[in-house]
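Computation of the quantities below employed the complete heavy-atom set of this structure, encompassing side-chain atoms and omitting hydrogens, waters and symmetry-equivalent molecules. Each ligand, and each atom within it, is numbered from 1 in the order the structure gives.
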Amino acid sequence: MDNACRSETICAIATPIGIGGIGIIKISGPDALILLQKIFRPARATSIPPPSHKLIYGWIVDPKTGNLIDEVLASYMARPRSYTGEDVVEINCHSGYAVLRRILDLVLAHGARLARPGEFTLRAFWHGRLDLSQAEAVLDLIHARSDKALEAAGKQLRKGFGEQVLRWREDVLELEAQLEAFMDFSEDLEAEDASALEAVAHHVERNVLPALRRIVDRYEQARVLREGLSMVLVGKPNVGKSSLLNALVGQERAIVTPIAGTTRDVIEDGFLVGGVWVRVLDTAGIREKPDMIESLGIERTLRSVEEADVVVWIVDQSRPLDADDDRIEEKTRHKRRLVVLNKRDCPMETDAEDLRARYGLRDAIVPLCAHDPDDIERWKRFLETEVLEDIFLGLEPAFAVNARHKECLERAVTALERAVQAARTQGLPELVSEDVRAARAALEEILGLHVDDAVLDRIFARFCIGK
Ligand SMILES: Nc1nc2c(ncn2[C@@H]2O[C@H](COP(=O)(O)OP(=O)(O)O)[C@@H](O)[C@H]2O)c(=O)[nH]1
Ligand SMILES: [Mg+2]
């Protein structure tokens with residue numbers, strides 16, 4: 001985005017479009033206040049400019065016709081104490097399709113342009129109100145479906161992670177400075193220079209590197225918080241996969257019939273357990289000799305198995321195990337897997353012992369009836385203790401580290417490991433310096449200190465208009 005773009009005044013409807021209590025039109029940029037003065041008539045005389053950060057009651061008026069459009073509360077937030085760091089105006093109006101549209105059109109007609117997705121937050125980033133990791137946290141916060149995800153995003157937004165990254169960057173800068181000194185005087189190296197260099201290398205190795213690695217290791221956990229835990233239900237046709245999906249999410253999401261091969265596509269829904277969002281995927285049953293459509297479904301099932309965090313293998317305890325079960329067992333063996341013995345209300349043909357004997361299973365095997373709400377509740381608790389606690393194992397909510405941060409952190413770790421090693425072995429100082437600079441650049445990328453526009457565009461395109 002070029003500089004001309006930055007000086008434009010932008011506007012958008014910031015609330016979901018539709019009928020509701022209130023709708024908010026947001027305006028940000030140098031002309032925000034002038035714009036407000038053109039189309040807003042306060043009910044009582046106010047100072048000019050109006051007081052900042054106060055709600056003012058009045059009317060939106062079309063200056064051309066003098067027609068009153070809506071009764072509103074307007075506010076003006078003088079820069080830099082606003083979300084974007086620019087002059088911001090918000091108009092709280094009634095929420096309806098026509099009202100919001102009319103006011104937005106008026107604002108557009110008086111010199112603002114429509115904001116692009118995420119542009120308000122992008123401006124906050126430009127003006128140093130947020131670092132890039134915080135801007136990403138805004139997005140995570142909006143998309144959070146569970147308390148735990150919300151907590152992690154909130155922590156990130158409050159600058160915890162950004163500040164931590166800044167501290168690491170300081171340490172790396174210190175190492176860089178020591179190396180510079182080392183290079184300048186390498187002709188007649190003083191013993192204290194060498195020991196100063198060693199001290200910084202030691203600090204980086206003892207304190208910085210382990211902390212970076214810990215965050216990288218927690219990435220999985222952060223990902224599960226953000227995206228939800230993905231859990232795929234697999235099994236032969238008719239074992240009750242769709243019934244289990246419906247029972248877990250509490251609504252008739254998938255079609256259930258006694259006819260084998262009903263579900264042919266992957267169906268997804270989700271539910272909350274232990275403060276975590278679980279995405280469940282119901283799949284086509286795996287069996288030999290399916291028809292053409294069903295076999296495409298089975299291919300999808302196998303793909304979902306590969307992508308899932310947890311596989312739930314459902315066995316119908318009223319039928320004997322057969323070659324189809326053998327195939328499913330084999331295809332899911334390498335995954336974190338839970339086994340469910342469904343239809344425990346029916347006469348038993350297969351029990352946990354049969355499964356253990358036939359496959360040498362060590363997985364937890366839980367008998368249940370997909371139609372019994374108590375069984376479903378019990379199984380959810382089991383999921384919480386067996387799977388979720390295992391993933392989150394007593395950890396306090398991590399920062400909302402995303403794939404981009406993880407990639408930067410990994411680069412920083414590799415570069416720093418090399419740098420520390422080289423500093424120790426008195427390698428060529430120039431090379432050590434290069435590694436240290438690479439580590440610093442990787443950390444700075446997390447904060448968005450030097451990122452190119454393509455990266456910014458990719459991040460902000462995920463926002464909605466008006467944020
Ligand atoms: N008795 C009994 N029937 C079940 C149970 N779970 C599913 N069913 C029935 O088994 C049939 C197949 O279920 P469905 O969920 O479509 O299986 P899918 O093919 O694996 O998705 C349907 O008639 C269900 O009502 C259960 O726990 N007990
Ligand atoms: Mg089904």
Identify, for [atom], the protein heavy atom at the shortest distance, and state residue, atom and that distance.
{"atom": "atom 17 (O) of ligand 1", "value": "Gly240 N, 3.1 Å"}
{"atom": "atom 9 (C) of ligand 1", "value": "Lys343 NZ, 4.0 Å"}
{"atom": "atom 12 (C) of ligand 1", "value": "Asn238 OD1, 3.0 Å"}
{"atom": "atom 6 (N) of ligand 1", "value": "Asn342 ND2, 3.1 Å"}
{"atom": "atom 4 (C) of ligand 1", "value": "His371 CE1, 3.3 Å"}
{"atom": "atom 24 (C) of ligand 1", "value": "Val256 CG1, 3.6 Å"}

Next on the checklist: Check this for me - ligand 1, Ala370, N or O atoms closer than 3.5 angstrom, yes or no?
Outcome noted: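 Yes, at least one N or O pair falls under 3.5 Å.
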Subset of ligand 1 atoms that lie under 4.0 Å from at least one heavy atom of [X]:
{"X": "Asp345", "answer": "1 (N), 2 (C), 26 (C), 27 (O), 28 (N)"}
{"X": "Lys241", "answer": "15 (O), 17 (O), 18 (P), 19 (O), 20 (O), 21 (O)"}
{"X": "Ser243", "answer": "6 (N), 7 (C), 13 (O), 14 (P), 15 (O), 24 (C)"}

Next on the checklist: Can you classify the ring geometry of Phe161 versus His405 as parallel (below 30°), tilted (30 to 60°) or perpendicular (above 60°)?
Outcome noted: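 The rings of Phe161 and His405 sit tilted, inter-plane angle from 30° to 60°.
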Next on the checklist: Parallel, tilted or perpendicular, judged at 30° and 60°: which one describes the rings of Tyr359 and Trp313?
Outcome noted: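 Rings of Tyr359 and Trp313: perpendicular, over 60°.
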Item to check | Arg123 and Ile10: CA distance, side-chain angles, deciding distance, side-chain contact (heavy atoms from CB on, under 4.5 Å) verdict | outcome: CA-CA 10 Å; Arg123 288 188 172 202; Ile10 55 172; 3.6 Å; yes
Item to check | the Mg ion (ligand 2) to nearest N/O/S of Thr257 less than 2.8 Å | outcome: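 Not a single backbone or side-chain N, O or S atom of Thr257 is under 2.8 Å from the Mg ion (ligand 2).
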Run the salt-bridge test on [X] and [Y] with the 4.0 Å N-O cut-off and return the result as yes or no.
{"X": "Glu151", "Y": "Lys148", "answer": "no"}
{"X": "Glu136", "Y": "Arg226", "answer": "no"}
{"X": "Arg303", "Y": "Glu307", "answer": "no"}
{"X": "Asp70", "Y": "Arg102", "answer": "no"}

Item to check | ligand 1 contact by Cys346, heavy-atom criterion under 4.0 angstrom | outcome: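 Cys346: in contact with ligand 1 (<4.0 Å).
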Item to check | Criterion side-chain hydrogen bond (donor to acceptor under 3.5 Å, both in side chains) against Asp363, the qualifying member of Arg337, Lys335, Arg333, Arg336 | outcome: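 It is Arg337, the one option of Arg337, Lys335, Arg333, Arg336 that forms the side-chain hydrogen bond (donor to acceptor under 3.5 Å, both in side chains) with Asp363.
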